Amino acid sequence: MKRIEARIKTPFGEVVIEGDSPQEILNMLETVPENFVEKLSDFVSNRLIPSGAQLKGIIEPTTEGPVIVTRENLTHYEAVGLVLYASDEHKNTVTQVQKLLELSGIKSMVPARLNEMTKRGQVFKPDPNKPEFKLTIQGEKWVENEVLTKLREKIS
C-alpha cells in the first residue's frame, strides 16, 4: 500500500509525518504534545548554535543557515563575523555568507569585507582552492568578547 506523508513547515525546517492512511496521520498528530514545535525548535537551536554561545535574539538558525535577527546596528564586519561564528565549524563560502546577510536584511560587499578581515587576522581560507572562509581563533575571540558582549548589553 502507498504511504501518505504530511509536511509541516516550522521556523527551523520541516517535520514530516508518514502513515498508511489519512486517519493514521491524524491519530499521530493527536498524540503530538502541546508546544511540540517550540520545544523541538529550542532543541534544534541548541544543537545548531555553537555551544556556550547564547545567540538567542541575535542569530536564529534556519534551513538556509544562521540569520541575524537583532535589530541593533552592526558594522558589516560584525555581521560577517556573526554569520561565520554561527556557521558549522565557524566557516562558510563567500556566496553563502552574502545570501545569509541578505536574508538578514544587510547589504554588504562580502568579498571586500572578508579580504579586509583576512588582513586583520580575523578570518582565513583553510583551502586556497575553495571559496570558503573560516574564523581564526582571534576572530572567534573578537566575536565572543566584543561583538556579542556589545549586543548582549544593548539587548539587556
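All values below were derived from every heavy atom in this structure, side-chain atoms included, with hydrogens, water molecules and symmetry-related copies excluded. Keep in mind that this is a model prediction, so the values were computed, not measured.
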Atom of [X], atom of [Y] and distance for their closest heavy-atom approach:
X	Y	result
G81	L135	O-CD1, 3.9 Å
K91	P126	CD-CG, 4.5 Å
L100	E64	CD2-O, 3.7 Å
E18	I25	C-CG1, 4.2 Å
P111	Q98	CD-OE1, 4.0 Å

Side-chain heavy-atom pair [X], [Y] within 4.5 angstrom cut-off:
X	Y	result
I8	V16	no
Y85	E144	yes
K130	K125	no
I58	L82	yes
D20	I4	no

State the [atom1]-[atom2] distance between [X] and [Y], to the nearest 0.5 angstrom.
X	Y	atom1	atom2	value
R120	W142	CZ	CH2	7.0 Å
E132	L114	CD	CG	12.0 Å
K2	S21	NZ	OG	15.0 Å
L101	K107	CG	NZ	12.0 Å
R113	E116	CZ	CD	4.5 Å

Polar side-chain atom of [X] near backbone of [Y] as donor-acceptor pair, under 3.5 Å:
X	Y	value
H76	S108	no
S104	I68	yes
S87	H90	no
E78	T75	yes

Side-chain donor-acceptor pairs under 3.5 Å in residues 27-37, sequence neighbours left out?
from : atom 1 : to  : atom 2 : distance (Å)
N27  : OD1    : Q23 : NE2    : 3.0
N27  : ND2    : Q23 : O      : 3.4
T31  : OG1    : M28 : O      : 2.6

Give the C-alpha distance, both sets of side-chain angles, the deciding distance and a yes or no for side chain to side chain contact (heavy atoms under 4.5 Å, CB included) between V94 and F133. CA-CA 7 Å; V94 175; F133 281 83; 3.5 Å; yes

Between E60 and V67, does a side chain to side chain contact (heavy atoms under 4.5 Å, CB included) hold up when you go through it step by step? CA-CA 5 Å; E60 291 295 325; V67 172; 5.5 Å; no

With distance as the sole criterion, is a donor-acceptor pair present between the side chains of Y77 and Q122 under 3.5 Å?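 Q122 and Y77 do not have a side-chain donor-acceptor pair below 3.5 Å.
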
Check this for me: does any side-chain nitrogen of one of K134 and E89 sit under 4.0 Å from a carboxylate oxygen of the other?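 Salt bridge between K134 and E89, a charged N being under 4.0 Å from a carboxylate O: no.
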
Electrostatic pair K150:E153 at N-O distance under 4.0 angstrom: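 Looking at K150 and E153, the cut-off is not met.
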
For the side chain to side chain contact (heavy atoms under 4.5 Å, CB included) test, which of L148, V83, L84 pairs with V143?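 Result for side chain to side chain contact (heavy atoms under 4.5 Å, CB included) with V143: L148.
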
Just to verify, what does T136 make a side chain to side chain contact (heavy atoms under 4.5 Å, CB included) with, not counting sequence neighbours?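 If we apply the side chain to side chain contact (heavy atoms under 4.5 Å, CB included) test to T136, skipping adjacent residues, the hits are F124, Q138.
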
